[in-house]
Amino acid sequence: MGIRVESGGFLTTVQDEGRYLGMASGFSTAGSMDQNAAMRANILVGNSKEAAVLEYAIIGPTLIFTSPNVIAFGGGLVTPKLNGSLIPNFILAVERGDRLEIGQLRAGRYGYMAINGGVQVAPVLKSRSTSVLSHVGGFHGRRLESGDYLQTILPDCWPKPLPNHQDQWALTMKNSVQSAKQPVVIHITPGPQADWFSKETCATFVQNDYVVGQSSNRMGIRLKGDSIDTGELPEMLSEATVMGGIQVPRGGQPIILLADRQTTGGYPVIGVVVPKDLSMLVQLVPGQLLRFEWQSLRTSQQAEKASPWQMQPQISFTHRRVAAQIERLFKAGE
């Protein structure tokens, strides 16, 4: 029972919430870049939010299912095909032998496919996330390639059809990319070294527009724009890094740290992206404009409580033992 990889796409890996227990030992946290989108997809198929999913960047994989199951998509907007036909919903049942072609992302940078029961790979430090740079976790510590086989388990529940269901985050991303000429506003709280910079520098920092650089990846987003003055900044010892931390290296061009960041860094952090905006941030593609806006820590915390990383889709699940169609699918998969 599982998934056979026909094509791995551009960069497809197994990810979950991340390997935070390994940071003290120097292991990158890894994990889904867009935690919100991955969690949404997991909820749609009845998983806990910690379940491992497939994350794909720019171009998704082509997969063959060797047993029936339930899958859902989240994150960047795609137009997947099942057995050559476009999929009208973002959640569906698959049968043994079905061929899924996810294809190129039409909006956003990272997409997710969740499967009921989660992707079954061996956990490392209590996480199934892939750290490609460290060759740790996931499927043999690397991106998926043609011929790979991922283990899955039989689902305990089956979703009823959801006509015209759409992933609201995907629609938001579509609209965002269509209006990409306008800077995307990313809210930030003051970083641990924010007071190292002058008031004028901090004010200018949020007045300028920055461009997402071509060399941006899972480690971080390199920004291009007016350089920040670092001439008067003191040397600093390395300290722990956080997701969304905005480092300012000597060259003055900011770098936003992401999932595959190093565990420690030696550049001052002028700001930290608020959790609520991380999903929007990681989905920005090279060439898009962004602008920062200061936000107090208290306001950030209140906004997070008001808009938790949680969705409550109106999905009805039916136990497989009482559904004739589901029984047929399972017998076909044996």
Side-chain angles (χ1 to χ4, degrees), residues 1-19 30-82 87 89-94 98-106 108-124 127-132 136-153 155 167 169-170 217-218 259-260 279 282-283:
M1 296 179 294
I3 304 171
R4 191 172 303 282
V5 180
E6 182 177 299
S7 170
F10 180 74
L11 177 61
T12 303
T13 55
V14 178
Q15 301 292 346
D16 59 15
E17 289 189 309
R19 188 169 291 103
S32 300
M33 287 281 281
D34 188 342
Q35 293 282 343
N36 194 4
M39 187 189 71
R40 286 173 183 242
N42 268 325
I43 290 175
L44 286 173
V45 297
N47 289 342
S48 67
K49 63 188 181 69
E50 299 87 2
V53 300
L54 293 185
E55 177 186 274
Y56 43 89
I58 305 176
I59 301 175
T62 299
L63 309 170
I64 306 292
F65 295 91
T66 63
S67 59
N69 212 310
V70 187
I71 62 172
F73 302 98
L77 185 64
V78 291
T79 52
K81 295 181 180 180
L82 187 67
I87 298 173
N89 299 324
F90 281 85
I91 175 173
L92 74 155
V94 293
D98 279 351
R99 180 178 184 270
L100 173 69
E101 183 181 358
I102 295 179
Q104 185 171 350
L105 272 70
R106 295 168 52 200
R109 188 162 185 173
Y110 296 96
Y112 298 88
M113 189 199 83
I115 187 166
N116 185 276
V119 180
Q120 299 298 302
V121 294
V124 178
S127 171
R128 292 179 167 86
S129 286
T130 308
S131 177
V132 175
V136 171
F139 187 83
H140 302 306
R142 60 170 173 80
R143 67 180 69 192
L144 297 184
E145 301 173 353
S146 176
D148 290 343
Y149 188 81
L150 297 168
Q151 295 288 340
T152 60
I153 59 177
D167 183 341
W169 170 249
N217 53 33
R218 279 183 51 89
D260 283 353
S279 288
V282 300
Q283 294 291 1

Can you find a pair of side-chain heavy atoms, one from [X] and one from [Y], that are under 4.5 Å apart?
X	Y	value
L54	V119	yes
L11	I58	no
N69	V94	yes
E50	D16	no

Could you give the distance from [atom1] ([X]) to [atom2] ([Y]), rounded to the nearest 0.5 Å?
X	Y	atom1	atom2	value
E55	R143	CD	CZ	11.5 Å
Q120	F139	CD	CZ	13.5 Å
T13	R142	OG1	CZ	12.0 Å
L82	L92	CG	CG	6.0 Å
N116	L44	CG	CG	11.5 Å
R19	S127	CZ	OG	4.0 Å

Might you point out which heavy atoms bring [X] and [Y] nearest each other, and give the distance in Å?
X	Y	result
D34	S279	OD1-OG, 2.6 Å
G2	T152	CA-OG1, 3.3 Å
V14	A52	CG1-CB, 3.8 Å
N42	A51	ND2-O, 3.1 Å
T79	R106	CG2-NH1, 2.8 Å
G74	Y56	O-OH, 4.3 Å

Problem - L63/M113 under side-chain contact (heavy atoms from CB on, under 4.5 Å): CA gap, chis, key distance, verdict - result: CA-CA 11 Å; L63 309 170; M113 189 199 83; 3.9 Å; yes
Exercise for the section: In sequence, state the C-alpha distance, the side-chain angles, and the governing distance for L150 and L144, and then conclude on side-chain contact (heavy atoms from CB on, under 4.5 Å). Expected result: CA-CA 10 Å; L150 297 168; L144 297 184; 3.7 Å; yes
Practice task
Determine, step by step, whether L100 and I71 satisfy the side-chain contact (heavy atoms from CB on, under 4.5 Å) criterion, reporting the C-alpha distance in whole Å, the side-chain angles of both residues, the deciding distance to 0.1 Å, and the verdict.
Solution key: CA-CA 11 Å; L100 173 69; I71 62 172; 3.8 Å; yes
Exercise for the section: Apply side-chain hydrogen bond (donor to acceptor under 3.5 Å, both in side chains) to R4 and list each qualifying residue two or more places apart in sequence or on a separate chain. Expected result: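 R4 satisfies side-chain hydrogen bond (donor to acceptor under 3.5 Å, both in side chains) with no residue once adjacent residues are dropped.
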Exercise for the section: Using the side-chain contact (heavy atoms from CB on, under 4.5 Å) rule, take R40 and Y112 through it: C-alpha gap first, then chi angles, then the decisive distance, then the call. Expected result: CA-CA 9 Å; R40 286 173 183 242; Y112 298 88; over 6 Å; no
Ignoring hydrogens and angles, tell me if any N or O in the side chain of [X] forms a donor-acceptor pair with the backbone of [Y] under 3.5 Å.
X	Y	answer
Q35	E17	yes
Q283	Y110	yes
N47	I115	yes
R218	D260	no

Handout entry: For S146, all residues meeting side-chain contact (heavy atoms from CB on, under 4.5 Å), sequence neighbours excluded
Key =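 Residues passing side-chain contact (heavy atoms from CB on, under 4.5 Å) with S146: none at all.
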Handout entry: Results of side-chain contact (heavy atoms from CB on, under 4.5 Å) for S7 - residues two or more places apart only
Key =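 Here the qualifying residues are T62.
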Exercise for the section: Kindly check if the number of other-residue, nucleotide or ligand heavy atoms within 6.0 Å of CZ (F10) is above 12? Expected result: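 Not more than 12 within 6.0 Å, no.
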